[in-house]
There are 2 protein chains.
Amino acid sequence: MAHATIRDVARAAKVSIATVSRALNGHSNVRANVREHVQAVATALGYVPHTGARSLSLAKTNAIGVMLPDLHGEFYSEALRGIDGEASARGLQLLLSNMHGDQRGAESLRFMRGRVDALIIMAPDIDPERLLAHLPASLPTVLISCPDMAADHPQFRIDNTAAADAMVEHLIAAGRRRIVHLSGPRGNRDAEERIAGYCAAMTRHGLSPRILTGNFDEESGTATAHALIGEAERADALFAANDMMAIGALVAFHRAGLAVPEDIAVAGFDDIPLARLVTPALTTMRVGIAEIGAEAVSRVAAILDGGDDTEIRWVVPQLVPRASTLADTREFPPA
Amino acid sequence: MAHATIRDVARAAKVSIATVSRALNGHSNVRANVREHVQAVATALGYVPHTGARSLSLAKTNAIGVMLPDLHGEFYSEALRGIDGEASARGLQLLLSNMHGDQRGAESLRFMRGRVDALIIMAPDIDPERLLAHLPASLPTVLISCPDMAADHPQFRIDNTAAADAMVEHLIAAGRRRIVHLSGPRGNRDAEERIAGYCAAMTRHGLSPRILTGNFDEESGTATAHALIGEAERADALFAANDMMAIGALVAFHRAGLAVPEDIAVAGFDDIPLARLVTPALTTMRVGIAEIGAEAVSRVAAILDGGDDTEIRWVVPQLVPRASTLADTREFPPA
DNA sequence: CTGTTAGCGCATTCAT
DNA sequence: ATGAATGCGCTAACAG
């Protein structure tokens with residue numbers, strides 16, 4: 001037998017569906033004993049309101065859509081964790097969607113219309129306008145680290161350039177000179193900006209930049225490490241554009257018998273939880289992506305409450321110096 | 001201006017709403033030129049179907065609800081990754097929900113009614129009947145590693161007992177005798193079964209079990225390591241009920257100057273991606289949770305296609321021996 | 001082939 | 001305080 005509807009409850013309780021609705025939704029204009037009766041009948045019938053129907057009638061879903069580039073690796077998992085925590089605290093459901101390629105990403109976004117009240121999109125690779133083109137302009141959307149766009153959506157931008165610059169400064173202060181940058185994929189906003197910061201700092205110190213292009217995955221780090229190991233005048237520092245690549249390199253160096261940081265320093269970006277668990281612990285730039293995710297939900301909630309928000313909020317990553325770039329290897333990861 | 005509805009398109013295209021629906025949904029009984037015209041008008045108006053309304057009318061949402069215990073740590077992230085990959089491939093949306101405490105978990109499940117066609121629930125701590133009590137029996141539900149339940153839902157069970165037993169055998173074969181088990185929280189199904197397997201193997205070999213209770217988080221591992229370090233007749237192996245605790249201990253031993261595995265072997269459970277990246281790489285039992293997640297979606301899809309499924313599918317974890325339990329520390333994690 | 005109509009399940013006017 | 005009727009946006013059955 002199919003699920004009980006409000007009509008079934010009304011019939012069984014011998015009242016109208018309007019009364020059932022009012023009783024169950026806690027309206028005041030229902031006699032106390034009628035309310036109790038209706039509630040009892042509803043429970044007995046195992047009645048659960050049909051959220052879809054309700055949201056159609058209310059023009060409000062109490063859900064927000066989340067578009068992430070990927071779920072592989074800790075970075076986006078952390079973002080999702082932050083989003084989920086705040087959304088749950090606010091009683092908002094989460095409709096999840098990942099960019100499994102442009103096509104499916106856009107498709108999946110289309111299907112969010114009528115299902116969610118707002119969107120959070122993190123897509124450093126994709127022009128969000130391309131995605132939003134197929135969407136009602138009326139859907140409030142908070143952007144996180146997206147490429148430049150004409151629209152004035154509320155958004156978060158990470159100050160990658162300054163952060164990468166600061167990391168190079170740190171490496172130079174630690175006595176490194178032949179600093180290689182393992183970048184993210186071309187066209188990715190974060191990747192490009194980190195490259196810019198790296199180059200700026202190197203040039204300022206009269207050092208020549210050397211950039212290898214990676215893919216933000218561990219494999220890129222491993223491959224780069226292997227490439228570096230055999231070289232005549234070996235690099236004395238590898239600055240990877242994210243932690244996964246840095247860790248891939250770290251492990252590869254280790255396997256090859258190279259000491260980190262004595263033979264070569266390694267630095268990453270993001271400060272994923274894993275960073276402090278590898279040996280030696282990884283120096284990195286803390287982005288605090290979970291906090292950004294949580295804050296994004298707060299902004300969405302504020303907009304849904306009628307607030308106005310077109311602000312670009314800047315996130316400034318913080319240097320987290322750890323053993324992988326420090327001479328004193330007795331520095332172990334903190335508990 | 002609000003979003004365009006099917007009526008707006010119909011009016012602008014000077015056809016009926018039925019024709020619009022048919023044209024846009026690719027029905028054959030529409031003249032080619034009419035279809036093109038409708039499509040053009042729809043695009044011009046930026047029309048996107050209201051998925052909520054559509055699913056109300058179709059009694060089908062094309063979405064599945066996912067209930068996870070937690071998003072902290074890699075284990076459940078990996079599960080979600082597996083689920084997401086398969087769901088996306090099948091064009092299913094994902095409504096995400098985590099057990100932020102019983103109350104909110106149950107609440108959130110209620111709101112899924114009318115929003116999803118099926119449920120995937122992973123809840124080793126909670127009796128799923130308690131959760132499903134508030135839900136229509138008609139919602140197909142696939143269970144992963146849930147405590148015993150009366151209902152005959154399709155489900156996945158992990159053979160924790162055999163796996164824990166096998167891990168103890170491995171440690172004994174490596175010459176260990178004073179093997180301590182750091183368990184998960186009491187009441188958690190996986191935790192209890194791993195305890196049972198550990199005890200069985202220890203007893204069979206005439207060794208006395210020693211169980212410390214943890215919480216599946218890194219902190220438990222750290223604390224346990226500290227407790228073990230000072231003891232007179234120190235343990236020569238620590239078998240943690242999951243990888244995060246094992247890694248917490250690994251790092252703590254390292255900081256304290258204890259060599260792993262020379263001074264003490266460490267083993268985990270789950271084989272999260274992180275396990276092979278720590279130093280020394282962690283011996284563990286591979287559960288393949290991402291694959292389970294993907295398979296759960298496949299089962300859901302099959303049920304949605306009219307299939308019948310009340311099977312209990314057993315997952316048998318596989319031993320992954322790595323450096324943390326092997327004498328030869330020249331074994332490094334594979335690339 | 002196309003238009004008209006009737007719901008999907010619910011919340012909410014407007015009456016009473 | 002309660003009931004009857006309307007509509008949210010869409011699809012499908014029924015006519016033509």
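Since the structure is predicted, the reported quantities are computational estimates derived from the model, not experimental observations. A note on names: the letters A, B, ... follow the listed sequences, proteins ahead of strands, and every chain is numbered from 1.
In this structure, the side chain of B/N62 does not engage the main chain of B/L92 through any donor-acceptor pair within 3.5 Å.
Distance, A/L56 CG to C/dA11 P: 11 Å, rounded to whole Å. Nucleotide C/dG3 holds its C1' atom 16 Å from the CZ atom of B/R11, rounded to whole Å. Whole-Å rounding puts the A/K14 NZ to D/dA4 C1' distance at 19 Å. Atoms CZ (B/R113) and C1' (C/dC8) sit 11 Å apart, rounded to a whole Å. Note: CD1 (A/I17) to C1' (D/dA4) measures 9 Å, nearest angstrom. Put simply, CE on B/M112 is 20 Å from P on C/dG9, counting in whole angstrom units. Atom CG of B/N62 and atom P of C/dC8 are 21 Å apart (whole Å). For the pair A/I6 CD1 and C/dC10 C1', the computed distance is 6 Å after rounding to whole Å.
The side chain of B/T19 approaches C/dG3 more closely than any other nucleotide in the set C/dG3, D/dG9, D/dT2. When each of D/dG3, D/dG9, C/dT5 is scored by its nearest atom to the side-chain atoms of B/S57, the top-ranked nucleotide is D/dG9. Of the candidate nucleotides C/dG3, C/dC1, D/dT11, C/dC1 has the atom lying nearest to any side-chain atom of B/R31. Checking C/dG9, D/dT11, D/dT2 against every side-chain atom of A/H50, the shortest atom distance belongs to C/dG9. Here C/dG3 is the nucleotide among D/dG3, C/dG3, C/dC10 with the atom lying nearest to any side-chain atom of B/S16. Minimum atom distance to the side chain of B/H27 is reached by D/dA12, of the listed D/dA1, D/dA12, D/dG9. With D/dC10, C/dC10, D/dA12 as the candidates, the nucleotide lying closest to the side chain of A/A53 is C/dC10.
Between A/V20 and B/N29, it is B/N29 whose nearest contact on DNA chain C lies nearer the 5' terminus.
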Which is it for A/R157 and A/S145 under the side-chain hydrogen bond (donor to acceptor under 3.5 Å, both in side chains) test, yes or no, and what are the steps along the way? CA-CA 5 Å; A/R157 290 267 297 270; A/S145 201; over 6 Å; no
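Among the protein residues, A/A59 comes within range of no part of the nucleic acid, since none of its heavy atoms lies under 4.0 Å from any strand. Counting non-hydrogen atoms under 4.0 angstrom, A/V15 reaches the backbone sugars and phosphates but no base.
Here A/R90 pairs with A/E86 in a salt bridge; the nearest charged N to carboxylate O distance falls below 4.0 Å. For B/R81 and B/D84, the salt-bridge test fails: no basic side-chain N is under 4.0 Å from an acidic carboxylate O.
Between B/R54 and D/dG9, a side-chain N or O to OP1/OP2 separation shorter than 4.0 Å is absent. Contact check, A/T5 against C/dG9: no side-chain N or O comes under 4.0 Å of OP1 or OP2. Contact annotation: A/R7 reaches the phosphate of C/dC8 (side-chain N/O to OP1 or OP2, under 4.0 Å).
Of the options B/D190, B/I144, B/I158, a side-chain contact (heavy atoms from CB on, under 4.5 Å) to B/P124 is made by B/D190 and by none of the others.
When all heavy atoms are compared, the tightest approach of B/P154 to B/R299 is CB-NH2, 3.5 Å.
At a cut-off of 3.5 angstrom, the base of C/dG3 holds at least one donor-acceptor pair with the side chain of B/R22.
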